[in-house]
Amino acid sequence: MLYQPKVDLQTMDWVGVEALMRWENPDRQRIGPDRFIPVAEDSGFIIELGQWAIREACLAAMRWYGEHEKWLTVAVNVSPIQVERSDFVEMVLDTVSQSKMPPRNLEIEITETQFMQHIAGFAPKLQALREHGITVSIDDFGTGYSCLGALQNLPIDCLKIDRCFVTNLDESLVGSEKNRGLFGSIVHLANAMELRTVAEGIETPQQLAIARKLGAEIGQGYYFAKPLEEAALSAAFMAGLDGGKRQQATCPS
Ligand code: G
Ligand code: G
Ligand code: MN
């Protein structure tokens with residue numbers, strides 16, 4: 001499991017991580033989730049794998065807390081095959097509880113398209129998790145079928161603005177004014193719905209500066225860090241807490 005930091009765009013503090021799974025072949029080649037998740041979904045193995053992901057992420061958060069006495073929230077991506085199961089809510093709550101991590105440090109990410117396709121079945125389950133303090137984020141927001149009317153009543157806490165909107169923020173791009181307008185509008189929409197915003201896929205200082213200016217609350221992307229092994233993430237987190245060097249280095253205003 002790898003972990004990629006999420007950064008508060010006002011303070012540049014790390015506020016959480018997203019858990020991103022990798023599969024290692026016997027010959028130690030890494031396979032990305034875009035290839036193995038569909039296979040796991042077809043075979044049903046996703047049920048076991050998905051529970052493992054939640055357990056791993058919670059235990060990692062506990063270890064980081066043990067080392068640094070600061071909580072990083074851990075976000076875990078879930079597949080609709082998992083959420084569909086009648087025991088999904090119970091599985092998540094049991095897994096978190098066994099790890100001893102406070103549930104408010106767990107975030108569940110589900111893509112906009114997958115949520116909207118199963119909204120009637122999924123909404124009560126995600127709401128049940130929220131009642132236990134777990135937060136729910138809509139992943140890849142803006143690329144799927146968005147029924148804006150439904151957004152108001154969804155049991156969610158956060159919109160993760162898809163990377164394509166962030167990539168388009170660069171001023172050199174044709175139509176960048178419109179692109180910035182679009183990004184800003186998504187932030188306004190989220191604010192009006194009292195949802196938090198994460199700008200995904202920030203790669204350049206310019207994208208960071210514009211995303212901040214347009215009011216995005218949290219950022220994630222290669223500019224801050226690539227997905228890292230648990231120990232590397234811990235070391236990088238520690239370096240930031242110690243010297244504040246990262247803060248200075250990554251905070252163009
Ligand atoms: O790092 P990236 O290539 O890691 O991830 C590609 C896609 O795979 C993303 O859409 C991400 O949501 C998904 N993904 C990564 N890890 C997991 C996981 O543990 N479970 C599920 N269901 N999807 C994952
Ligand atoms: O769909 P989801 O948002 O869960 O997937 C996250 C995916 O985005 C992962 O594959 C992760 O490795 C990738 N990712 C994270 N940050 C960046 C970035 O800055 N640029 C690009 N191109 N991909 C990123
Ligand atoms: Mn995600």
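All heavy atoms count here, side chains included; hydrogens, waters and symmetry mates do not. Order of listing sets the numbers, starting from 1, for every ligand and every atom in it.
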Query raised in the report: What atoms in ligand 2 come closer than 4.0 Å to a heavy atom of G221?
Result: 16 (N), 19 (O)

Query raised in the report: Less than 3.5 Å between some nitrogen or oxygen of Y223 and one of ligand 2, yes or no?
Result: no

Query raised in the report: In chain order, what residues pass the side chain to side chain contact (heavy atoms under 4.5 Å, CB included) check against Q117, with sequence neighbours excluded?
Result: T113

Query raised in the report: Are M91 and V78 connected, step by step, through hydrophobic side chains (Ile, Leu, Val, Met, Phe, Trp, Tyr) whose heavy atoms are closer than 4.5 Å?
Result: yes

Query - Heteroatom proximity flag, R163 to ligand 2, N/O under 3.5 Å - result: yes

Query raised in the report: Between S79 and Q82, is any side-chain donor less than 3.5 angstrom from a side-chain acceptor?
Result: no

Report task. Nearest 0.5 Å please: distance from the CD atom of E194 over to the CG atom of D157. Result -> 11.5 Å

Query raised in the report: Distance-only, no hydrogens or angles: does the D162 side chain make a donor-acceptor pair with backbone N or O of C164 under 3.5 Å?
Result: yes

Report task. Go through the structure and list residues passing side chain to side chain contact (heavy atoms under 4.5 Å, CB included) with R35, not counting sequence neighbours. Result -> I31

Requested in this report: Tell me, yes or no, whether the heavy-atom count around H68 atom NE2, taken from other residues, nucleotides or ligands under 6.0 Å, exceeds 12.
Outcome: yes

Report task. Tell me whether the guanidinium CZ or amine NZ of K226 lies under 6.0 angstrom from the six-membered ring centre of Y222 and within 45° of its axis. Result -> yes

Requested in this report: Can you establish whether the number of heavy atoms outside R130 located under 6.0 Å from its atom CZ is more than 12?
Outcome: yes

Requested in this report: Check whether any side-chain heavy atom of I138 sits under 4.5 Å from a side-chain heavy atom of L195, and report yes or no.
Outcome: no

Query raised in the report: What are the protein N/O/S atoms, named by residue and atom, that sit under 2.8 Å from the Mn ion (ligand 3)?
Result: E18 OE2, N77 OD1, E109 OE1, D139 OD2

May I have every N or O pair linking ligand 1 to the protein at under 3.5 Å, one per line with atom names and distance?
| from | atom 1 | to | atom 2 | distance (Å) |
| --- | --- | --- | --- | --- |
| ligand 1 | 1 (O) | R22 | NH1 | 3.1 |
| ligand 1 | 1 (O) | R22 | NH2 | 2.7 |
| ligand 1 | 4 (O) | R22 | NH1 | 2.7 |
| ligand 1 | 4 (O) | R22 | NH2 | 3.2 |
| ligand 1 | 12 (O) | N77 | OD1 | 3.0 |
| ligand 1 | 16 (N) | M21 | N | 3.1 |
| ligand 1 | 20 (N) | N77 | O | 3.3 |

Query raised in the report: Are the aromatic ring centres of W14 and Y3 under 6.0 angstrom apart?
Result: no

